[in-house]
Amino acid sequence: MEFSATQLAAVLKGTIEGDANALVHDYAKIEEGKPGTLSFLSNPKYENYLYETEASIVLVNNDFQPTKPVKATLIRVPNAYLALATLLQLAEQHKPGKSGIDPTAHIAASASVGKNCYIGPFVYIGENAVIGDNTQIYSHCAINDNAKIGSNNILYNGVVVYHECVIGNNCIFHAGAIVGADGFGFAKNPDGSYFKMPQNGNVIVEDNVEIGANTCIDRGSMGPTIVHSGVKLDNQIQIGHNAEIGHNTVMAGCSAVAGSAKVGNDCTFAGFVGIAGHIQIANNTMAGAFTGITKSVKNPGQVYHGPTALPAMQNKKAFSVYRNLPDFRKEFYELQKEVAALKEQLKQKD
Amino acid sequence: MEFSATQLAAVLKGTIEGDANALVHDYAKIEEGKPGTLSFLSNPKYENYLYETEASIVLVNNDFQPTKPVKATLIRVPNAYLALATLLQLAEQHKPGKSGIDPTAHIAASASVGKNCYIGPFVYIGENAVIGDNTQIYSHCAINDNAKIGSNNILYNGVVVYHECVIGNNCIFHAGAIVGADGFGFAKNPDGSYFKMPQNGNVIVEDNVEIGANTCIDRGSMGPTIVHSGVKLDNQIQIGHNAEIGHNTVMAGCSAVAGSAKVGNDCTFAGFVGIAGHIQIANNTMAGAFTGITKSVKNPGQVYHGPTALPAMQNKKAFSVYRNLPDFRKEFYELQKEVAALKEQLKQKD
Amino acid sequence: MEFSATQLAAVLKGTIEGDANALVHDYAKIEEGKPGTLSFLSNPKYENYLYETEASIVLVNNDFQPTKPVKATLIRVPNAYLALATLLQLAEQHKPGKSGIDPTAHIAASASVGKNCYIGPFVYIGENAVIGDNTQIYSHCAINDNAKIGSNNILYNGVVVYHECVIGNNCIFHAGAIVGADGFGFAKNPDGSYFKMPQNGNVIVEDNVEIGANTCIDRGSMGPTIVHSGVKLDNQIQIGHNAEIGHNTVMAGCSAVAGSAKVGNDCTFAGFVGIAGHIQIANNTMAGAFTGITKSVKNPGQVYHGPTALPAMQNKKAFSVYRNLPDFRKEFYELQKEVAALKEQLKQKD
């Protein structure tokens, strides 16, 4: 299918600069744009590509001012990245979704499956499990006894939802995600061996959550582990028992939140961020890669960095001294010598 | 079901302080306790909750001395956390376990399955595999050729046990755990490409081991990778080929042990701990989060911390200087200036 | 089966030192060698074991000079490790591979499966998927719609290949590996919630690649994520959308490459290495464990280390000061005092 700049601008409520009849039939990154493709410019770092791209139409932010001539037709919108996302999502909605219940799926007699669902081959749905309408469950997923899954969810291949766990609506779970495995709790016996602390809680995942491939969210020991609405977790993440992740918080791959930690709303974590157990993280906290936070963060909006976390600016300044520590040490030795020489001079004066 | 303080104290051999007829029918965290719930106080950090909790009964350690009046009935026991675990486990044992062999399970004719097992839907059991008595294997597990699994184990959904691997008794494997994938061994060819080192060993997991969701334990290249009895591994852990993990060692999520490393008994690792290959870690070693140990640890009972590990106390002291390095640097510049001024003064004296 | 030193030397084009009739029927690590086993010595660290080993034959490098008497028969070869790998691989090739299509496998009518493939129990192969010749797909794998998998590949249990992804020839995917889950891309809405950026690209994995257990490679948002030929990825690795991993690059477990990063050829990363998004890493770059690289690396052949990466030698020197910072601080205080004393002395002289 082909679209003109006029058509796209109408959908996006944008304004056209250049040929309103330019046509596109595909998307491309700006540095790889070819005639007939649509691209976007959001990050100013990529501005130079705009002047070279072969893309026919480029979405730009309203406030963008080109500094050189541009060959492509521009469509100005409030947020170019969001506008592209809107278009891509429209395109996706035209793709036919999967539907129907595969005859190989194992659905317990006491389970219930809503309308217009897709239940793929070799899916296991246990006793009393409930699946809402329009939910797609790909091959090899296991929805264990008494689990409740809402409407309009997608569970890709091999997702496991343990017994009693509850999932809201409009969520996406990528392949291999595991919801509700036992939390890691043991009591030490007098002989040094460990006694398993039963994990009788569950996991509650609210609406509009996306969970990455092979990410794990453990069930609570007592009461739930809670992932609030709008949370986005990347791949390979670990969420411990009874943790709570606040609304619209976003975590990049390989991060981990230990048991009973409460992470606030609207936080943003880079990869390999670790949050210690039993602490509280204020709303809007940010953390750079390889940051380990072991104490509660009380004031919202702060940025942390470092395996033993410091405020990011403090860490940056400390690190800038660290990297030159050997020179600092040398300067110190020289100063020591100078002082010794002065001492000696002074002694000779006596 | 409801229990009185008298009944619980009898099971736990504890002593009652308060109303011996107090009744409970559920568990709750002390800060969330409601009438009719049982709670416990173990970590002194939570003591304040004791004076506010609505829980009807609270388990406390024998040596605990309240500093304010307590409304709840107390049951004194040697270890409140362990006592709660005992009660929770008793409760779990009353839940009916899964049993029976699902007709969709694929069990090779040459495989053997013990008495009273649960083999869930879509389970694959390969040639000559052996499954002991009372073992529960949930949906989508794959037990490959010649694998041997003992008695009283639970393998949750989608666990993979590669060919030839051996698992003891009373173990729990959480969903997505993978036992026996090839170790990571390659020899460099003269042209820069890599030649795969065949991995002909296996994995031996001894008794009473718990393995977390999506944790991987690679097979040995020659000989086994060994996880000794009583080991508890959290989620998302990676154990390399021919590594050995000592009895009752406990590792939190996202940690990794590289190939041929030998970790001693009774070690405790926080999250994101990395142990380099071919080294030995003494018994009772502890490591904080984001600790990378690259040299053998010879003396037992030491605590390490830092991405390049130092003894934890040394790291703490070094870090306390690190965080203020910019101030230190400034003080140094001032001292340099003072020394220069002294030098000048002294010169003028000559 | 038993082999003599003469037979092995012929296969390996090596030269014998000692009893040419020595026989072996199994492999063993040099420190665990028993009569009748073959071992090898490559790492000089293990030389002492050579003088004590009970192994009957030991492969050594041509240039190795024993410093004590050796009981075992030696076979000298250019590269002992590679020679052992060759022998082990020959042994493996004699093992019968799996073959045939299990009747429980779900293969879409529009999919095509090549000659001499193994398609295990409960495998799902979607619409228009293509599987080349001699490829082995173990139980519970999911090959989704329009995916293309070449020849001579092995996919162990539970591997997931998302729709549209393309895999070359001679690759190995270990259990739980996930190829083509959505990249992690969201645009922030004005209300703080996130809008999902559709991920319409795919993953291309070229030839001779090995992917570890539970490793994830995300699909591109537009265009592909590319893993070039000869790449070896260990377990628990995360590769972000539109990343590119160069030929023969090797990454150890728990590492991660963020979106749109381009890693060069022949790089070697230890465990827990993180590469930030949108940067370029030159060929032959090396990184130690817990290294976070956030800026492009332009010159090939450099070695980095540290959570905020520095050239490894610089990091080593800085760290050697760091570990003794408290002493440095103390020395500084002493020098401060000395300078103050000098100042005082000088003042009294006036």
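Remember, predicted model here, so these are calculated numbers, not experimental data.
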* Under a 4.5 Å heavy-atom cut-off, does chain A meet the side chain of B:His247, its backbone, both or neither? -> neither
* **Heavy-atom proximity to chain B below 4.5 Å, by part of A:Glu331** => both
* Donor-acceptor contact below 3.5 Å, side chain B:Ser139 vs main chain B:Asn157 -> no
* Asked: With distance as the sole criterion, is a donor-acceptor pair present between the side chains of A:Asn214 and A:Gln236 under 3.5 Å?
  -> no
* Asked: Looking at A:Phe332, A:Phe319, A:Tyr124, which one has more heavy-atom pairs under 4.5 Å with chain B than the rest?
  -> A:Tyr124
* **Electrostatic pair A:Glu244-A:Lys262, nearest N-O below 4.0 angstrom** => yes
* Structure fact -> Applying a strict 4.5 Å limit to non-hydrogen atoms, the region of A:Ile178 in contact with chain B is side chain
* To do: Assign the ring pair A:Phe186 / A:Tyr194 to parallel, tilted or perpendicular, where the plane angle (0 to 90°) is split at 30° and 60°.
  => perpendicular
* Would you call B:Asp327 and B:Lys330 a side-chain contact if the rule is heavy atoms closer than 4.5 Å? -> yes
* Ignoring hydrogens and angles, tell me if any N or O in the side chain of B:Asn153 forms a donor-acceptor pair with the backbone of B:Gly168 under 3.5 Å. => yes
* Asked: Under a 4.5 Å heavy-atom cut-off, does chain A meet the side chain of B:Ala175, its backbone, both or neither?
  -> both
* To do: Give a yes or no on whether the backbone of B:Asn170 and the side-chain of B:Asn152 come within a donor-acceptor separation of less than 3.5 Å.
  => no
* May I ask you to name which of B:Arg323, B:Gln336, B:Lys232, B:Lys343 has the most heavy-atom pairs under 4.5 Å with chain A? => B:Lys232
* Structure fact -> One option among B:Asn79, B:Asp266, B:Thr86 has the most heavy-atom pairs under 4.5 Å with chain A, and it is B:Thr86
* Asked: Can you tell which of A:Gly274, A:Gly223, A:Ala276 has the highest number of heavy-atom pairs within less than 4.5 Å of chain B?
  -> A:Gly274
* To do: Pick one of side chain, backbone, both or neither for B:His174, based on which atoms fall under 4.5 Å of a heavy atom in chain A.
  => both
* Could you look at B:Asp102 and say if it's the side chain, the backbone, both or neither that has a heavy atom under 4.5 Å from chain A? => side chain
* **Polar contact flag, side-chain donor to acceptor under 3.5 angstrom, A:Gln280-A:Ser296** => no
* Structure fact -> Counting heavy-atom pairs under 4.5 angstrom with chain B, the leader among A:Ala142, A:Cys216, A:Ala181, A:Pro307 is A:Cys216
* A:Val123 versus chain B, heavy atoms under 4.5 Å apart: side chain, backbone, both or neither? -> backbone
* Asked: Measuring heavy-atom distances to chain B, does A:Ser221 have an atom under 4.5 Å in its side chain, in its backbone, in both, or in neither?
  -> neither
* Asked: Where on B:Ile172 is there a heavy atom nearer than 4.5 Å to chain A: the side chain, the backbone, both, or neither?
  -> side chain
* Are side-chain N/O atoms of A:Tyr156 and A:His140 paired as donor and acceptor at under 3.5 Å? -> no
* Structure fact -> Checked A:Val339, A:Leu325, A:Thr308, A:Asp145 vs chain B; the most non-hydrogen pairs under 4.5 Å come from A:Thr308
* What part of A:Lys196 lies closer than 4.5 angstrom to a heavy atom of chain B: side chain, backbone, both or neither? -> both
* Side chain, backbone, both or neither: which part of B:Ser42 has a heavy atom under 4.5 Å from chain A? -> neither
* Proximal component of B:Phe272, with respect to chain A [non-hydrogen, under 4.5 Å] -> side chain
* Asked: Hey, are A:Asp218 and B:Asn235 close enough side-chain-wise for a donor-acceptor pair under 3.5 Å?
  -> yes
* Evaluate the ring planes of B:Tyr46 and B:Tyr49, with Trp represented by its six-membered ring, and classify them as parallel (under 30°), tilted (30 to 60°) or perpendicular (over 60°). => parallel
* To do: Report the option among B:Glu32, B:Met251, B:Lys45 that has the most heavy-atom pairs separated by less than 4.5 Å from atoms of chain A.
  => B:Met251
* Structure fact -> Bottom line for B:Phe122: the part with an atom under 4.5 Å from chain A's heavy atoms is side chain
* Asked: For A:Tyr162, is the NZ or CZ atom of A:Arg219 found under 6.0 angstrom from the centre of its six-membered ring and inside 45 degrees of the ring axis?
  -> no
* So, A:Thr225 side chain and A:Asn242 main chain: donor-acceptor pair closer than 3.5 Å or not? -> yes
* Asked: Is it the backbone or the side chain of B:Ala340 that comes under 4.5 Å from a heavy atom of chain A, or both, or neither?
  -> neither
* chain A contact via B:Pro121 - which portion, at a heavy-atom distance below 4.5 Å -> side chain
